[in-house]
Amino acid sequence: MDDFLIRAALAGIGLSIATGPLGAFVVWRRMAYFGDAVAHAAILGVAVALAFSMSVLIGTLVVALGVGLAASTLTARGRSMDTTLGVLAHSALALGLVAISFVRGVRVDLNGFLFGDILTVNAGNLVMIWGGALVVAALLIWRWSALLTATLNEDLAASAGIDPRRERLVLTLAMALVVALSLKIVGALLIGAMLIVPAAAARGFARTPETMALLAVGFGMLAAVGGVWASALADTPAGPSIVVAAALIYLVSLVAGHSGD
Amino acid sequence: MSDRGAPLPVTVNDLTYRVGGQVLLDIPSLEISQAWPTMILGPNGAGKSLLLRLLHGLIAPTSGTIRFNGQMAGGAVGRRQAMVFQKPVLLRRTVAANVNYALKVHDVARAERKGRISALLEQGGLSDHAGQPARTLSGGEQQRLAIVRALASDPDVLFLDEPTSSLDPSASLAIEDLIARAARGGAKVIMITHDLGLAQRLAGDIVFLHHGRVCEQTRAPEFFAHPKSHEAQAYLASKLVL
């Protein structure tokens, strides 16, 4: 197998360490659209990074975090969640696309940011992806009990002395980090799929929250390797191929798994 | 129960809770000093759940203070309290794992947990279900597990929001027994119920709310024999008061 394919598979495997447990929380909290809004904001982050000549990772991280916090704040003040996220997701994406067109003197592969370019991952990217994914996984493991209680019921969490707002912030931070890391792999339009699809598939087989998170990691890895392999065989775009592989695993879970609850 | 003892009296002063311009709760003064359970009664929309959430510090009042033996509600005081909700909230785990989880959240050492889980499950009459997935329990068993899990933190004060509202009489009796044992163990029980039989059997005193105000607070036998307020009389006679 070519080196670039191995690097691509390793990038997808590394990312799954973060998207598995985080995706489980996205599914439990019905935050799928929140993930999309944060991911779409990444394009605005790219524009900001290019305009200020800073790292794309930092630009996307800052903007994704900003949009995540804005969404949390607005919905906490009683604004409708889906409307707020709809406004933020599409506005940030559109604003990002418009802003990129103003950045002069820089050639931008917009398709790469929208759909990912996992086959161009280099050794430096791999270190960043694995490092970032391990940080997110460590954050989620550290906060696991509190996050789980706050996800189950915010009143129950508050009753146990856990601040549900702080746990929401932890998830928003983790989401922004994952979006920044995933941009090169699956792109802004498909990040949400990597969060949701493996976790949704895992739900069909898991009996406990922990096994669901672990299975989501495993399914994410399987989708990454399967997607890269299929992409090499059929000469298809790698990022979308990974998502298609994840979708196939989800279909299997519908047939072979239990219904979940 | 906690060897610290119940933090009595509970004193409420000039408590209000408003949403927009609407006053949902207005309690100038209330003192709960009875060690035996306090039942909060009143029709739907009277502000019972709101009062319970305020007492436990889950929400902040618009104005006023709540003190437990002189200490403000919430914060460190709130961490020595526990609450059971109308609908049991359980993890997708076994019955024993649900209790273990509660002990873990309250930083009980791993070595201590096994014995505590057995004792708590026995207290709730759930020992035979220890290895069973919690969500396959009956409604009454689920609520018993929710109470047992709340007791895992060894609370000074146990708040219960209509814990028997959707249960049949025998399941309600089992819950009642569990609550009575918690009260005998030294926890101050403050509970909302519409089950007047249960209130009569279990309550030390009654706080009767109507339209966000305390209409009367009195010892339970007196309340049921001679309710003073027109609203309480109508409530006990199952008449609609607007």
Side-chain angles (χ1 to χ4, degrees), chain A residues 20-21 23-30 75-80 140-168 170 199-216 253 257-261, chain B residues 19-20 49-50 52-60 73-98 100-108 131-136 145-147 149-155 157-161 190:
Chain A
F25 281 108
V26 169
V27 168
W28 292 327
R29 289 181 168 241
R30 296 179 171 87
T75 50
R77 288 183 182 175
R79 301 272 175 187
S80 152
L140 296 178
I141 290 168
W142 173 47
R143 304 299 311 162
W144 186 259
S145 284
L147 279 170
L148 203 56
T149 310
T151 299
L152 192 63
N153 185 294
E154 293 205 342
D155 277 344
L156 185 72
S159 180
I162 297 162
D163 183 353
R165 288 167 303 180
R166 188 181 56 205
E167 303 314 320
R168 274 201 299 270
V170 168
R203 189 169 215 172
F205 296 104
R207 296 277 174 204
T208 67
E210 287 78 12
T211 49
M212 179 168 152
L214 286 173
L215 275 175
S253 83
H258 59 76
S259 63
D261 55 2
Chain B
V19 174
S49 293
L50 196 54
L52 209 66
R53 288 160 64 82
L54 284 162
L55 288 171
H56 189 25
L58 294 185
I59 50 172
V77 170
R79 280 191 285 280
R80 295 198 301 270
Q81 303 173 341
M83 186 157 174
V84 175
F85 302 92
Q86 193 172 346
K87 190 169 176 263
V89 185
L90 302 171
L91 283 167
R92 275 212 304 182
R93 297 178 184 195
T94 64
V95 170
N98 263 274
N100 181 53
Y101 181 77
L103 291 168
K104 195 175 157 195
V105 166
H106 288 94
D107 299 323
V108 175
Q132 192 177 328
R135 295 187 182 190
T136 62
L145 177 57
I147 294 174
R149 212 176 45 186
L151 295 175
S153 66
D154 202 12
V157 184
L158 178 63
F159 297 102
L160 300 113
D161 189 350
I190 302 180

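Each chain gets a letter, A, B and so on, in the order the sequences are listed, and its residues count up from 1.
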>> Which atoms of A/E210 are under 4.5 Å from chain B, going by heavy atoms: the side chain, the backbone, both sets, or neither?
In response: side chain

>> If you count heavy atoms of other groups shown closer than 6.0 angstrom to CZ of A/R165, is the number above 12?
In response: no

> Is chain B contacted by the side chain of A/I162, its backbone, both, or neither, given a heavy-atom distance below 4.5 Å?
Replying inline: side chain

>> Please report the interatomic distance CD(B/Q81) to OG(A/S159), rounded to the nearest 0.5 Å.
In response: 8.0 Å

> Would you call B/R92 and A/L152 a side-chain contact if the rule is heavy atoms closer than 4.5 Å?
Replying inline: no

> Which bit of B/F159 comes within less than 4.5 Å of chain A, counting heavy atoms only: side chain, backbone, both or neither?
Replying inline: neither

> Within a strict 4.5 Å, meaning less than it, do heavy atoms of the A/R207 and B/R93 side chains meet?
Replying inline: no

> Which answer fits B/L91, side chain, backbone, both or neither, if we ask what part of it has an atom under 4.5 Å from a heavy atom of chain A?
Replying inline: both

> Can you find a pair of side-chain heavy atoms, one from A/D155 and one from B/R53, that are under 4.5 Å apart?
Replying inline: yes

